[in-house]
Q: 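Mind looking over this structure? Questions follow.
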Amino acid sequence: MDVRDQLRSALADALAAAGVDPVPTEISLERPANPEHGDWSSNVALASAKAAGRNPRELGQQLVDHLRHAPPRHVTAVEIAGPGFVNFHLGDSWLHDVLAEVLTAGVRGYACPDLGGGLHVNVEFVSANPNKPLHAGHGRGACYGDSIARLRERCGFRVTREYYINDRGVQMTKYAESLAARKRGEEPPEDGYQGEYLIAWAEEMPDDADPLEWGYERALASHRATLGALQIHHDVWFSEKSMVDSGAIEESLADLRAHDAVYEADGATWLRTTDHGDDKDRVLIKTDGDLTYLTPDIAYHRDKFSRADRLFNVWGADHHGYVPRMKAAMSLLGHDPDELHIAITQMVDLMRSGEPVAMSGRSGDFIALDDVIAEVGPDAARFTYLMQSVDSRQTFDLDEVATQGMENPVFYVQYAHARICSILRKTAEAGVERVALDEVDLSLLVHERELELLRSLQTLPDTVEIACVDDAPHRIVGWSREQAAALHGFYHDCYVMGDGVSAELTQARLALVEASQVGLRIALDLLGVSAPETM
RNA sequence: GCGCCCGUAGCUCAGCUGGAUAGAGCAUCUGACUACGGAUCAGAAGGUCGGGAGUUCGAAUCUCUCCGGGCGCGCCA
């Protein structure tokens, strides 16, 4: 049983003994920031005093008195502090248990909270128009979406990674016209695509190729290659146009009508999104008979709901205004709008040495994601994109991220992993024979550096859970930096083998280092960043 | 005008389902290596958590309000 569960159940007993009725169902336990406040602390006396009509400090004291009679496992001291906190001090043995747990569970089994219970979640991300290369801004949504998928997979969800291809509509026609013009050596139409990439693509295009078909394939191949460089692979590439051919759009419209969600006015067909919180109703079919972008999009989401239990969309900040209407549309179709989650990623400001570099070249193209990857490398790109919450605008400085040095946290973390591998190599080369875990005397691990490493490892399952529940991969980045710092500190002060290190201590420290490796591998995998053996 | 996001150290950012003395990296200053990779470690300095009010035993965190910045508010996609 987890230490926390033991403490909780002991606290519940103490509360009952103190006459608190009913005993609160939620007993909070947290790691105090200040080590003087013990290893675990509970505010339960503060939280339940009022309802019980008690003085919090006195209630806390009663709990402490009761707990001292039969302290839970690992507990060495219990004390009352401040306004009524109950603080537990634990022996190092609780951390040694953590180490054994990490190694026993391994990369596959440690920090795998079952939050999904096999629920199928469809994560749709990137979904850029197939008429230009991905730019630096797409990188954020790409890395975020993939990491969200990895988190969900670890937490017991079935995951489909999906890419929606807007291959229908006027922008594709303009794209084909622009490509054809470049092929003829002409400038693209005024309202066409001016980007210089089209010159290169036009050169590749065979003379007899259909610019629309060929251009579409070319753009998709570009997206696939760029994402592949980041180790991002979508399971489903879903074509908007295919829904015209399959009749899915008509079906979706019929479904909306069957739900009485549609009406005719001013010569257009409208959707009653205001019934579900939208600012105004939205047009589905324009006066000229064309569909708005919304209509196929609704059909697409309707289709996704037929294939998954939950939908997770990653959209850029410039699309946040469309959230209410899409949720309203799903409500109108009878879905629970909460089963469609739309994450909004704020914008990326690309910098170089503190100077903004949002645009490139005379054509004003965005900086291509390919160029970012080429400049900083895929690992640094992914780590950096994920380093901060997607709720806030990101400053991405190419020079800083390209640096292979201290100002670049990705190398710090990867180096920690490489160091562990190096230690394991060196000890193996030195002929150290490993013994089974249950033969290792973990109680030898008493150095503050060793304990710090274990305290950090202990927090990984909670961190994974928070990251998954809050859709916050940056929490994993934070953990990986903390674990790496603990590892480097340990490395600096504690030798695994050598003069003055007993054979038993070497065994214990090797186990410790391997546990750290397990943790780092879990974290880096969730981020999609490689865990190098050497650097 | 309305909606969403943001405002925390010189810079880039964590911390936000309320907890005790608000953290990290970079930059600055000062230290530490005849051993497993110094791409390391330790220390110092650095703060009206945008302003104000409220709720609470307790607020960076919740509520309201104001200020500042970003992004949206189409029968465009």
Side-chain angles (χ1 to χ4, degrees), chain A residues 28 30 32-34 36-37 41-43 46-47 49-50 55-57 81-85 87 129 166 168-172 174 240 265-270 279-280 282-294 296-297 316-324 344-347 349 351 354 384 387-397 400 403-409 411-412 414-416 418-427 429-430 432 449 466 469-470 474-475 477-478 481-482 485 487-501 506 509 513 534-535:
Chain A
S28 110
E30 55 187 47
N34 185 341
E36 287 174 18
H37 296 142
S41 175
S42 180
N43 65 356
L46 289 156
K50 188 171 243 181
N55 173 296
R57 176 86 192 192
F85 291 103
N87 293 341
N129 287 344
N166 292 103
R168 191 197 70 88
V170 287
Q171 92 277 0
M172 285 308 285
K174 285 180 186 170
E240 176 183 358
D266 305 328
T269 303
W270 297 74
D279 294 338
K280 49 189 290 193
R282 305 293 167 177
V283 172
L284 291 174
I285 304 173
K286 297 188 270 182
T287 322
D288 64 7
D290 281 351
L291 305 177
T292 63
Y293 90 98
L294 182 62
D297 226 24
D318 54 342
H319 283 80
H320 77 266
Y322 304 103
V323 173
I344 301 296
T345 62
Q346 297 300 316
M347 306 192 79
D349 293 319
M351 311 283 278
T384 304
M387 200 151 45
Q388 76 185 68
S389 160
V390 291
D391 287 341
S392 57
R393 207 178 164 104
Q394 176 168 46
T395 305
F396 190 121
D397 193 306
E400 275 181 25
T403 318
Q404 309 209 350
M406 302 207 294
E407 54 271 63
N408 197 348
F411 288 95
Y412 184 84
Q414 288 187 308
Y415 182 49
R419 258 193 163 160
I420 291 167
C421 296
S422 168
I423 292 169
L424 296 174
R425 271 195 310 272
K426 291 281 180 187
T427 47
E429 283 166 15
V432 175
R449 297 291 206 177
I466 290 169
V469 170
D470 291 351
H474 73 279
R475 302 294 293 257
V477 173
R481 296 175 71 173
E482 169 193 292
L487 187 280
H488 289 307
F490 162 80
Y491 179 89
H492 191 264
D493 288 351
C494 305
Y495 286 91
V496 170
M497 66 173 182
D499 296 344
V501 180
T506 293
R509 285 181 170 169
V513 152
T534 61
M535 290 179 70

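So that the names make sense, note that chain A is the first sequence line, chain B the second, and so on, each numbered from 1.
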Q: Nearest whole angstrom, please: distance from the P of B:rG3 to the CD1 of A:Ile344.
A: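 Spelled out: CD1 on A:Ile344 to P on B:rG3 is 17 Å.
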Q: Among A:Val501, A:Val513, A:Leu424, find the one that has a side-chain contact (heavy atoms from CB on, under 4.5 Å) with A:Val496.
A: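 Result for side-chain contact (heavy atoms from CB on, under 4.5 Å) with A:Val496: A:Val513.
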Q: Let's see if you can work this out: which of B:rC57, B:rC13, B:rC71 has an atom nearest to the side-chain heavy atoms of A:Pro83?
A: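 Within the option list, the nearest is B:rC57.
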Q: Is the distance from OP1 or OP2 of B:rG15 to the nearest side-chain N or O of A:Arg475 less than 4.0 Å?
A: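 Yes, such a contact exists.
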Q: Considering every strand shown, what is the Watson-Crick or G-U wobble mate of B:rA42 when both distances are under 3.5 Å?
A: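 Looking at the geometry, B:rA42 pairs with B:rU30.
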Q: Whole angstrom is fine here: how far is it from CD1 in A:Ile466 over to C1' in B:rU61?
A: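 Whole-Å distance recorded here is 14 Å.
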Q: Is it the case that the base of B:rA77 and the side chain of A:Asp290 share a donor-acceptor contact (distance under 3.5 Å, atom types as modelled)?
A: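 Check fails, no donor-acceptor contact within cut-off.
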Q: Rounding to the closest angstrom, what is the interatomic distance between B:rU17 and B:rU21 at atom C1'?
A: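 After rounding to an integer number of Å, I get 24 Å for this pair.
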Q: What's the spacing between A:Met347 CE and A:Asp349 CG if we round to 0.5 Å?
A: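 It comes to 7.5 Å.
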Q: What do you reckon, do A:His37 and the base of B:rA20 stack, with centroid distance below 5.5 Å and planes below 30°?
A: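 Yes, A:His37 stacks on the base of B:rA20.
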Q: Output the distance between atom CD (A:Glu429) and atom OG (A:Ser422), rounded to the nearest 0.5 Å.
A: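 It is 8.5 Å, given to the nearest 0.5 Å.
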Q: In whole angstrom, what separates A:Gln394's CD from B:rG70's C1'?
A: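 Interatomic distance, CD of A:Gln394 to C1' of B:rG70: 15 Å.
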Q: When we call it a touch if two heavy atoms are under 4.0 Å apart, what does A:Arg57 touch: a base, just sugar-phosphate, or nothing?
A: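 Nothing, no nucleic acid heavy atom in range.
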Q: What nucleic acid atoms does A:Ala317 come within less than 4.0 Å of, heavy atoms only: base, sugar-phosphate, or nothing?
A: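 A:Ala317: backbone/sugar contact only, no base atoms under 4.0 Å.
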Q: Who is the Watson-Crick or G-U wobble partner of B:rG37, with both distances under 3.5 Å?
A: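 Partner of B:rG37: none found under 3.5 Å.
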Q: Are A:Phe85 and the base of B:rG19 stacked, counting only ring centres nearer than 5.5 Å and planes tilted under 30°?
A: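 So no, this residue does not stack on that base, at least one cut-off failing.
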Q: If B:rG3 has a Watson-Crick or G-U wobble mate with both distances under 3.5 Å, name it; if not, just say none.
A: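 B:rG3 is paired with B:rC71.
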Q: Taking the P atom of each, how far is B:rA24 from B:rA14, in whole Å?
A: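 The answer is 16 Å between these two P atoms.
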Q: Can a donor-acceptor pair under 3.5 Å be found between the side-chain atoms of A:Ser41 and the base atoms of B:rA20?
A: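 Counting by modelled atom types and ignoring angles, a donor-acceptor contact under 3.5 Å is found here.
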Q: Let me confirm one number: the OG1-CG distance from A:Thr345 to A:Asp318, rounded to the nearest 0.5 Å.
A: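 Rounded to the nearest 0.5 Å, the OG1-CG separation comes out at 8.5 Å.
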Q: Between B:rA39 and A:Tyr412, counting only base atoms on the nucleotide and side-chain atoms on the residue, is there a donor-acceptor pair under 3.5 Å?
A: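 No, no donor-acceptor pair under 3.5 Å.
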Q: Counting only side-chain nitrogens and oxygens, does A:Arg419 get under 4.0 Å of the OP1 or OP2 atom of B:rG38?
A: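 A:Arg419 to B:rG38 OP1/OP2: side-chain N or O found under 4.0 Å.
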Q: Both distances under 3.5 Å, Watson-Crick or G-U wobble: report the partner of B:rC57, or none.
A: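 Pair assignment: B:rC57 / B:rG19.
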Q: So A:Tyr293 and A:Tyr322, ring pair (Phe, Tyr, Trp, His ring centres under 6.0 Å) or not? Walk me through it.
A: CA-CA 11 Å; A:Tyr293 90 98; A:Tyr322 304 103; 5.7 Å; yes
Q: To the nearest angstrom, how far is A:Glu482 atom CD from B:rA14 atom C1'?
A: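 A:Glu482 atom CD is separated from B:rA14 atom C1' by 12 Å.
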Q: From A:Thr269 OG1 over to A:Lys286 NZ, what is the distance, rounded to the nearest 0.5 angstrom?
A: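 Taking OG1 in A:Thr269 and NZ in A:Lys286, the distance rounds to 12.5 Å.
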Q: Pick the C1' atom in B:rG70 and in B:rG25, then give their distance to the nearest Å.
A: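 Those two atoms are separated by 25 Å.
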Q: Where each residue is assigned the nucleotide of RNA chain B containing its nearest heavy atom, which of A:Asn129 and A:Gly489 is assigned the position nearer the 5′ end?
A: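 Residue closer to the 5' terminus by nearest nucleotide: A:Gly489.
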Q: Taking the nucleotide of RNA chain B with the closest heavy atom to each, which residue, A:Ala81 or A:Val283, is nearer the 5' end?
A: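 Per heavy-atom nearest nucleotide, the more 5' residue is A:Ala81.
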Q: Could you tell me how far B:rC29 sits from B:rG46 if I compare only their C1' atoms? Round to whole Å.
A: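 Roughly 11 Å separates the two C1' atoms.
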Q: Could you tell me how far B:rC49 sits from B:rA60 if I compare only their P atoms? Round to whole Å.
A: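 Per the computed distance, 8 Å lies between those P atoms.
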Q: At under 4.0 Å, does any side-chain N or O of A:Ser392 touch on OP1 or OP2 of B:rA14?
A: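 Answer is yes, contact under 4.0 Å.
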Q: Applying the Watson-Crick and G-U wobble criteria at under 3.5 Å, what pairs with B:rA14? Answer none if nothing qualifies.
A: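 Its partner is none (no Watson-Crick or G-U wobble pair with both distances under 3.5 Å).
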Q: In whole Å, what separates the C1' atom of B:rA27 from that of B:rC73?
A: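 41 Å, rounded to whole Å.
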Q: Could you give the CG-to-C1' distance, from A:Asp279 to B:rG74, as a whole number of Å?
A: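 Answer to the nearest Å: 13 Å.
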Q: Look at all strands and tell whether A:Cys421 reaches a base, only sugar-phosphate, or nothing, counting heavy atoms closer than 4.0 Å.
A: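 No contact at all - A:Cys421 keeps every heavy atom at 4.0 Å or more from the nucleic acid.
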Q: Using a cut-off of less than 4.0 Å, is there contact between a side-chain N or O of A:Lys280 and OP1 or OP2 of B:rG3?
A: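 Negative; the distance criterion is not met.
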Q: When the C1' atoms of B:rU8 and B:rA59 are compared, how many Å lie between them, rounded to an integer?
A: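 Going atom to atom, C1' in each nucleotide, I get 14 Å.
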Q: Nearest 0.5 Å please: distance from the CD atom of A:Gln394 over to the NE2 atom of A:His474.
A: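 If we round to the nearest 0.5 Å, A:Gln394:CD and A:His474:NE2 are 11.5 Å apart.
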Q: Would you say B:rG74 has OP1 or OP2 under 4.0 Å from some side-chain N or O of A:Thr292?
A: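 Checking B:rG74 against A:Thr292, no side-chain N or O comes under 4.0 Å of OP1 or OP2.
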Q: Given 3.5 Å as the limit, does a donor-acceptor pair link the side chain of A:Arg425 with the main chain of A:Ile420, or not?
A: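 No: the side chain of A:Arg425 does not pair with the backbone of A:Ile420.
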Q: Using a 4.0 Å heavy-atom cut-off, does A:Asp266 contact any base of the nucleic acid, only the sugar-phosphate backbone, or nothing at all?
A: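 Result for A:Asp266 = base.
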Q: Can a side chain N or O of A:His474 be found less than 4.0 Å away from OP1 or OP2 on B:rG15?
A: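 Yes, A:His474 has a side-chain N/O under 4.0 Å of OP1/OP2 on B:rG15.
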Q: Rounded to whole angstroms, how far apart are CE on A:Met535 and C1' on B:rG37?
A: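 Rounded to the whole Å, the gap is 11 Å.
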Q: With a 4.0 Å cut-off on heavy atoms, is A:Asp470 in touch with a base, just the backbone sugar-phosphate, or nothing at all?
A: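 Answer is nothing: A:Asp470 stays at 4.0 Å or more from every strand.
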Q: Looking only at atom P, what distance separates B:rG52 and B:rG18, rounded to whole Å?
A: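 Taking atom P in both B:rG52 and B:rG18, they lie 24 Å apart.
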Q: Check whether any side-chain N or O of A:Lys286 sits under 4.0 Å from OP1 or OP2 of B:rC76, and answer yes or no.
A: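 Answer is yes, contact under 4.0 Å.
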Q: Donor-acceptor pair under 3.5 Å: do we get one between A:Thr287's side chain and the base of B:rC75?
A: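 Indeed, a donor on one side and an acceptor on the other fall under 3.5 Å apart.
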Q: Once you round it to whole Å, what is the distance between P of B:rC36 and NE2 of A:His492?
A: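 Checked: the NE2 to P distance equals 12 Å.
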Q: Looking across every strand, which nucleic acid part, if any, lies under 4.0 Å from A:Thr269 by heavy atom: base, sugar-phosphate, or nothing?
A: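 Contact class for A:Thr269: none.
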Q: Could you tell me the Watson-Crick or G-U partner of B:rC49, where both distances fall under 3.5 Å? Say none if there is no partner.
A: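 When the pairing criteria are applied, nothing turns out to pair with B:rC49, so the answer is none.
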Q: Measure the distance from CG on A:Asp318 to C1' on B:rC71 and round it to the nearest whole Å.
A: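 So the two atoms are 8 Å apart, to the nearest Å.
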Q: Measuring from A:Arg449:CZ to A:His492:NE2, what's the distance to the nearest 0.5 Å?
A: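 With rounding to 0.5 Å, CZ (A:Arg449) is 8.0 Å from NE2 (A:His492).
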